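Below is one structure; the comments refer to it alone.
Since the model is a prediction, treat every value here as computed from it, not as a measurement. Below, chain A is the first sequence line, B the second, and so on; all start at residue 1.
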There are 2 protein chains.
Amino acid sequence: MNISEVGRATDLPAKTIRYYEEIGLIQPKRSANGYRSFDAQDVHRLRFLARARALGFSIEDCRSLLALWADRGRASADVRHIAKTHLKEIKDKIAALTAMQATLTELVDACAGNDRPDCPILQGLAD
Amino acid sequence: MNISEVGRATDLPAKTIRYYEEIGLIQPKRSANGYRSFDAQDVHRLRFLARARALGFSIEDCRSLLALWADRGRASADVRHIAKTHLKEIKDKIAALTAMQATLTELVDACAGNDRPDCPILQGLAD
DNA sequence: CATAAGGGTTCCCGTGACGGGAAGGTCAAG
DNA sequence: CTTGACCTTCCCGTCACGGGAACCCTTATG
């Protein structure tokens, strides 16, 4: 399986797949012509990576999750710990963004948005 | 006013202030000894920048906002447009993060988090 | 058989908004 | 005179890739 086919199968750009190999997340074999040759396990790992990335896990988290996934003797507590930590980061980000949203909404609602110069948004930023 | 004093006044790290000068957001004068010398207007602009950045505006947005702020003939519609566009980005981010949060919460709740290997989180990622 | 199209490869630079740290100049106090 | 706290520039690292150049391989077509 060549890289573009794997790209379609995993919905990942070829660039991303090469990058994942470069940083050691996958180790596809090479054909005689130098092309990467992906087997079913490579595709499996890439789909796992795509899902984990879609949930916002960092590459390093993904590396750990992949290792746990491959480890039959893992403790689910280890997986859960990574996920909970990440979940907290997400919640914190949502909280920060929600606060920004509230302030911005106020300012935008207060602004006439016409051709006159007086603007509560700029006033809010200027204090 | 030297950079560290301005840093305290604006709650911005010196590194950030130097960066803002480098990319042309401020143009503090220089003392004879080569030190940056900030006047009240510089501090004003920096405080404006700090607030805008705290609301999540990009540096380029900040550049535009600063220009509008300085322009007495501005139309508040221009300011409002920038803010509304940014607000939409924030809403989109919140939506994406909330979706991640929902999925992750499900997975984390389903996981026993003990020393056994069976883990719904990994299963969810592996499909 | 030459060539063109459509794969693949490596390599290097750019992103956004700074932070860390090195190497060195300046200034006030003891 | 030295110490310590400032300040300066410069360069590299972040994170997860994307764009593009320069070049090789394979297959189809005129």
**Message:** Could you tell me how far apart Arg8(B) (CZ) and dA5(D) (C1') are, to the nearest whole angstrom?
**Reply:** 11 Å
**Message:** Under a 4.0 Å threshold between the charged nitrogen and the carboxylate oxygen, would Arg74(B) count as salt-bridged to Asp78(B)?
**Reply:** no
**Message:** Would you call the rings of Phe48(A) and Trp69(A) parallel, tilted or perpendicular, taking 30° and 60° as the class edges?
**Reply:** parallel
**Request:** May I ask you to decide if Asn114(B)'s main-chain N or O and Ser76(A)'s side chain share a donor-acceptor pair within less than 3.5 Å?
**Result:** yes
**Request:** Using a 4.0 Å heavy-atom cut-off across all strands, classify Arg36(A) as base, sugar-phosphate, or nothing.
**Result:** sugar-phosphate
**Prompt:** Has Arg51(A) got more than 12 heavy atoms of other residues, nucleotides or ligands less than 6.0 Å from its CZ?
**Reply:** yes
**Asked** Considering residues at least two apart in sequence or located in another chain, which fulfil the side chain to side chain contact (heavy atoms under 4.5 Å, CB included) criterion with Glu60(B)?
**Response** Ser58(B), Arg63(B)
**Prompt:** Rounded to the Å, how far apart are Ile17(B) CD1 and dC6(D) P?
**Reply:** 14 Å
Every protein N/O within reach of nucleotides 26-29 of chain C N/O, cut-off under 3.5 Å:
{"unit_1": "dT26(C)", "atom_1": "O4'", "unit_2": "Tyr35(B)", "atom_2": "OH", "d": "3.4"}
{"unit_1": "dC27(C)", "atom_1": "OP1", "unit_2": "Asn33(B)", "atom_2": "ND2", "d": "3.4"}

**Prompt:** Glu22(A) CD to dC11(C) P: how many Å, rounded?
**Reply:** 10 Å
**Prompt:** What nucleotide among dG8(C), dT10(C), dT9(D) has an atom nearest to a side-chain atom of Asn2(A)?
**Reply:** dG8(C)
**Prompt:** Does Asp61(A) offer a backbone N or O that forms a donor-acceptor pair with the side chain of His86(A) under 3.5 Å?
**Reply:** no
**Message:** Please encode protein proximity along nucleotides 15-21 of chain C as a string of B, S and -, counting only heavy-atom distances under 4.0 Å.
**Reply:** --BBSBB
**Request:** State whether the number of non-hydrogen atoms from other residues, nucleotides or ligands found under 6.0 Å of Asp11(A) atom CG is greater than 12.
**Result:** no
**Asked** Looking at dC6(D), dG8(C), dT10(C), which one has an atom nearest to any side-chain atom of Ser4(A)?
**Response** dG8(C)
**Complete:** Nearest heavy-atom approach of Ala77(A) to Gly113(B) is CB-O, 3.3 Å
**Leu55(A) CG to dA16(D) C1', straight-line distance once rounded to whole Å** = 17 Å
**Message:** Rounded to whole Å, please give me the gap between CD in Glu5(B) and C1' in dC6(D).
**Reply:** 12 Å
**Prompt:** What does Ile23(B) touch in the nucleic acid at a heavy-atom separation under 4.0 angstrom: a base, only the sugar-phosphate, or nothing?
**Reply:** nothing
